[in-house]
Amino acid sequence: MVNDPHHIGCPNCDTVHRFSAQELTVPTRCARCGYRLTLGRKDAVLRVTMLALTSLVLMGLALFAPFLTLNAGPFESRASVIDVIFGFAEGIMVPLSFAVLFFIVIIPAMRSGLLIYALAPNLAGVAHAPLARPALRLAFTLKPWAMVEIFMVGVAVALVKLAGMATVDTGAAFWAFVLLVLVNAAQDAFMCRNTLWTTVGTPPS
């Protein structure tokens with residue numbers, strides 16, 4: 001008999017497993033196909049929290065450092081992401097300005113902040129923050145709306161077109177965004193939802 005059982009279905013072969021809360025503190029795999037079911041509480045929480053903190057630092061750098069510099073003859077233009085956002089904030093371009101601000105800056109930063117808020121107390125071994133579970137739920141809900149990756153794909157396409165008309169130099173913010181995409185991909189790889197929900201639903205050890 002397993003005390004306090006948690007049922008997990010394998011997304012690869014549909015086998016249903018039953019684990020105790022203690023068993024979920026370590027990595028688990030499907031008994032039939034070997035698919036990784038959970039990362040283990042300590043590893044998943046630590047990695048997701050540290051990557052969320054890294055995302056916030058990179059976002060701060062990406063906002064205010066130079067993003068691109070264009071040189072075409074005597075003409076030179078240098079802009080940060082903030083310059084671009086406020087540059088669109090007139091006339092019919094206002095919706096685009098708000099879209100860039102919310103989907104590229106505010107929502108990704110909010111998602112990282114919510115993950116840190118919900119998970120960091122467990123790493124510190126203190127009581128969960130108030131509303132930790134709603135904060136974690138909102139972080140999961142916001143994931144499809146955080147579009148840094150799509151923004152960088154659009155920038156890459158624009159760079160290909162501009163390369164034939166002007167000299168383009170990438171700034172520190174550009175590379176910060178590249179790192180941000182990689183960090184977000186790593187964070188999603190470690191985003192073991194079952195482990196994170198278990199973490200915010202049980203007292204810290």
Side-chain angles (χ1 to χ4, degrees), residues 11 25-27 35-69 78-85 98-125 128-129 132-160 168-200 204:
T25 62
V26 296
Y35 187 87
R36 190 183 67 190
L37 297 174
T38 64
L39 281 171
R41 180 185 302 176
K42 185 176 180 180
D43 283 349
V45 173
L46 177 63
R47 292 176 185 180
V48 170
T49 305
M50 291 299 104
L51 289 171
L53 183 60
T54 303
S55 294
L56 282 181
V57 173
L58 289 173
M59 181 63 76
L61 173 63
L63 282 181
F64 300 104
F67 187 75
L68 289 175
T69 301
R78 178 178 300 175
S80 66
V81 173
I82 285 293
D83 294 331
V84 173
I85 292 173
F98 277 104
V100 173
L101 180 63
F102 278 97
F103 296 127
I104 309 303
V105 178
I106 292 180
I107 290 178
M110 182 185 298
R111 184 166 180 259
S112 295
L114 289 169
L115 289 172
I116 294 171
Y117 176 81
L119 301 176
N122 186 274
L123 292 177
H128 300 307
R133 290 178 67 83
L136 186 60
R137 185 183 305 279
L138 182 57
F140 288 144
T141 302
L142 290 177
K143 181 182 180 300
W145 303 100
M147 300 183 180
V148 174
E149 298 85 353
I150 295 175
F151 173 71
M152 289 307 294
V153 170
V155 169
V157 172
L159 287 178
V160 170
V168 181
D169 295 321
T170 54
F174 177 88
W175 296 110
F177 262 109
V178 172
L179 289 175
L180 192 57
V181 171
L182 297 177
V183 167
N184 287 345
Q187 187 182 62
D188 291 339
F190 295 128
M191 193 72 74
C192 177
R193 294 194 176 201
N194 186 282
T195 301
L196 300 187
W197 278 121
T198 304
T199 297
V200 298

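A quick note: this is a predicted structure, and the numbers were derived from the prediction, not measured.
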Side chains of L53 and S112: closer than 4.5 Å at any heavy-atom pair?
no

If you take all heavy atoms of V183 and L51, which pair is closest and at what distance?
CG1-O, 3.5 Å

Checking T54 against Q187 for the side chain to side chain contact (heavy atoms under 4.5 Å, CB included) test, could you report, in this order, the C-alpha distance in whole Å, the side-chain angles of both residues, the deciding distance, and whether it holds?
CA-CA 10 Å; T54 303; Q187 187 182 62; over 6 Å; no

The reported gap from CZ in F102 to CE in M110 (rounded to nearest 0.5 angstrom) is 8.0 Å

Parallel, tilted or perpendicular, judged at 30° and 60°: which one describes the rings of F151 and F177?
tilted

Can you confirm whether W145 sits close enough to R111 that some side-chain heavy atom of one is under 4.5 Å from a side-chain heavy atom of the other?
no

Provide the closest heavy-atom pair for A173 versus A65 in the form atom of the first, atom of the second, distance.
CB-O, 3.3 Å

Let me confirm one number: the CG-CG distance from L123 to L46, rounded to the nearest 0.5 Å.
5.5 Å

Rounded distance (nearest 0.5 Å) linking atom CG of L119 with atom OG1 of T49
4.5 Å

From CG (L68) to CG (D169), nearest 0.5 Å:
9.0 Å

Hey, are the side chains of F67 and V155 touching, using non-hydrogen atoms and a 4.5 Å cut-off?
yes

Among L114, T141, L196, which residue meets the side-chain contact (heavy atoms from CB on, under 4.5 Å) test with L136?
L196

Any I116 side-chain heavy atom under 4.5 Å of L56 side chain:
yes

For the student: nearest non-hydrogen atoms of A118 and A132, plus distance:
CB-O, 3.6 Å

Taken to the nearest 0.5 Å, the spacing of M152 CE from F174 CZ works out to 4.0 Å

Of all the heavy-atom pairs spanning P108 and I104, show the shortest one and how long it is.
CG-O, 3.5 Å

Measure the shortest side-chain to side-chain distance between V168 and T69 over non-hydrogen atoms and say whether it is less than 4.5 angstrom.
no

Closest non-hydrogen contact found for S55 with N184 is OG-OD1, 3.3 Å

Nearest heavy atoms of I107 and L142, plus distance in Å:
CG2-O, 3.9 Å

